[in-house]
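To start, the structure under review is shown below, and the notes come after it.
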Amino acid sequence: MTDWFTSLTPNEQFAIFSLLKIMIAVFTVVLPMVAYSVVAERRISALIQDRIGPNRVGPFGLLQPAADGLKFILKEDFTPAYARKVYFWLAPAVAMVPALLTLAVIPFGSQLGSQKAVIADLNVGILFTFGIVSLSVYGIVLAGYASNSKYPFLGGIRSSAQMISYEIAMGLSVVPVFMLVGDLNLSAVIDYQKSGAWLILKQPIAFVIFLVAAFAETNRLPFDMPEAESELVGGYHTEYSSMKFALFFLGEYAAMIAVSAMMVVLFLGGWTLPFAGLNETATSLGMGLLQVGIFIGKLLLFMGLFIWVRWMLPRFRYDQLMDIGWKRFVPLAIANIVVTAIYLYLTHGK
Amino acid sequence: MSTTQEIEIRDTAAKVAAADELTDVKGEKMVLNMGPSHPATHGVLRLRLEMDGEIITKAEPDVGYLHRGDEKIAENMTYNQFLPYTDRLDYLAPLANNVHYVLAVEKLLGITDDLPERCQYIRTICCELARVSAHLLGLGAFAMDTGAFTVFLHTFTEREKIYYLIEALTGARFTTSYTRVGGLSRDLPEGWLDELSKFLDEVEINFDETETLLTRNPIFLERTQDVGIITREEAIDFGLSGPNLRGSGVEHDVRKAQPYMIYDRFDFDVPVGTTGDCYDRYAIRILEMRESVKILRQCIADIPGGPINVDDGKIVLPPKEKVMTNMEELIHQFMLVTQGQDAPVGEIYFGAENPKGELGFYIHSLGGGTPHRLKIRAPSFVNLSILSQLLPGHMIADVVAILGSLDFVMGECDR
């Protein structure tokens, strides 16, 4: 076995390791997290609303995702006769895949054994992320268009406007971060924060803009305009059922995880903690796993925030949302860039 | 024989210009059918919206999906037999409907002044409890329409407690049918008033919680302030009533303007709005519930003992043990069950302050035990008439906020 492995070229070894990392990361970590964040959402919302929440399936309702999945598979997969079939089938996949792709460049730990704990250590990590995140809007727009129905149509229009606007605010908000770090590689961003100088402290404005834009990007309340179940009866996924609906549903949670992971990396120091040597590259496997644990812990904080906010706030109106995006956040983000640039010029420039 | 002659415009340039005018670049408007099955239409209201993008240019409410012919049904039964149908008018406040219906019949029979004190107090408790219950749901649903789902479940928890109280009182949670012409179907259960005052303490905490979640919430303010403004004049012109009228600054509450039952004895205020927007209507409902709690507390403190029914065998069924032994009571029982109360010839209108507005009953009697015509003035029906005036110019998200703030019930609107 080892003979066979060492006989491979480094490129082939890299390919096998990458495949392994993808399979482990996606199937044993991300997808269960997606499934359980749905349960968490239901339990936390129940807590907020004086209810009990799902507790019948398995101990404490922990097998609920399995029951839900089974239910979704068994439901009739209904395609309206007037829908544009190809796009109608394509849309749920397009909604789900980008969120998972984004996770590829997230460094979720320092070192596991001899491998770096990131699926793809890209030098242009952040650009890749934004490129992929922009794709996720297509899932919703396609769904709205392909359903050939009025409520999804309105949802599709709203989402294209909303997500494109907030992507600009989001993209501008992280520029100062990379100006400080001086590198687009996400691992470098974490290295920069190793000393405990987390970027949330250095760039609070960028963090706030990014956080709000993250809510808008993932279509979560108070920005769930495309869905808006009390106005648009579910918006873009009104006509969907069965597993296709489930893909949209899970896609939303996958996107939440992806964007939370982004925030942990960019602003909360990724897998580091500024004590007990936890901010140094791990030398043992246990240390490496501990750092992955720290990363997931921070990520869960953001997931909790996402869920908490959803059940506490009403929804914005479509035009108010655009106002906030274009008239407040974009100028604020640009101002932040300018201020950071001046600061850097005064301290480092000559 | 006729021939069709084609008239052609010879000038090509003029033809192009004419064609251009026809296919204007303004684009087309979309007609959106909101309801009758839509989460924000609170039942089966249907709105035909003509929209330019997200902006409403024309709105036509279409009611009647829940029409059951209640008014016609009333013509074929005795006054007491119609009572269960009033449960299903404003099904969020069945107790208040019951009370106001029998008050109308009693006005026709001319026995309004004979009602015992205890009966009046219990009926007042019923009305105000129903008001709290209906407003709690109205607020919760309004908040849910604007996206705040948690408020809905918080207010619903309190309503559940009201339902426990109502169940103890009437035996049913929803379809109460509690009152009878000339009295009530039964007296208060033992210890019920203590339960009620315990509930009042709890519900006031709930009001505070609801206000914490909404009253100064910037998103809620943005969604509701200056949205769906009904001016004072419009409100009067369209005959609005209840919180929707008072939200527009008209201080008209039937309980104060034409006091019925014993409302003139209680100390309570009538909250009035200033701008008539969705937020004012929200605030008024919160304040009104607090006033209702005030009235309920006074009722609990002052309620006297004594009989609950008028002492007249021709109006109220006699006690069973007397029916078995006395000739006169037996005849009364027989006459009431077979023919009902013998009403005088005449017509009356009685309007009272229901949670949604002025619920009125117009009864035309030709004598005998059944009405010749019974017309129900349903506040929700009247309140909805303003929609086609109010909605154009608003966005689709405002539609749900406005519908939520108008707080209508289709069971009553379509009757």
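Order of the sequence lines sets the chain letters (A, B, ...), proteins ahead of strands, with each chain counted from 1.
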Of B/Met51, B/Glu222, B/His154, the largest count of non-hydrogen pairs under 4.5 angstrom with chain A goes to B/Glu222

The reported gap from CZ in B/Phe156 to CD in A/Gln49 (rounded to nearest 0.5 angstrom) is 12.5 Å

Should we say atom CZ of B/Phe381 is surrounded by more than 12 heavy atoms from elsewhere, each under 6.0 Å from it? no

Near B/Arg290 CZ, under 6.0 Å, is it more than 12 heavy atoms from other residues, nucleotides or ligands? yes

Taking CZ in A/Phe302 as the centre, count heavy atoms belonging to other residues, nucleotides or ligands within less than 6.0 Å. Is the count above 12? yes

_Over 12 non-hydrogen atoms of neighbours within 6.0 angstrom of CD1 in A/Ile52_ = no

So CD1 of B/Ile396 and CZ of A/Arg317: to nearest 0.5 Å the spacing works out to 12.5 Å

### Task
Return yes when atom CZ of A/Phe72 has more than 12 non-hydrogen atoms of other residues, nucleotides or ligands closer than 6.0 Å, and no otherwise.
yes

For B/Lys58, is the NZ atom crowded, meaning more than 12 foreign heavy atoms sit under 6.0 Å from it? no

Per-residue tally against chain A (heavy atom, under 4.5 Å) across B/Ala397, B/Ala401, B/Gly404 peaks at B/Ala397

request  = Please check if the side chain of B/Thr150 supplies one atom and the backbone of A/Trp311 the other of a donor-acceptor pair under 3.5 Å.
outcome  = yes

Honestly, the part of B/Val399 sitting under 4.5 Å from a heavy atom of chain A is neither

Does B/Tyr164 OH have over 12 foreign heavy atoms under 6.0 Å away?
no

Between B/Ile219 and A/Pro314, the two heavy atoms sitting closest are CG2-O, 3.7 Å

### Heavy-atom side-chain proximity of B/Phe149 to A/Arg315 below 4.5 angstrom
no

Honestly, the part of B/Glu54 sitting under 4.5 Å from a heavy atom of chain A is side chain

From the list B/Asn33, B/Leu32, B/Leu49, side-chain contact (heavy atoms from CB on, under 4.5 Å) partner of A/Lys150 resolves to B/Leu32

dist B/Leu153:CG -> A/Asp50:CG (nearest 0.5 Å) comes out at 9.0 Å

*asked:* With a sphere of 6.0 Å drawn around CZ of B/Phe199, does it hold more than 12 non-hydrogen atoms of other residues, nucleotides or ligands?
replied: yes

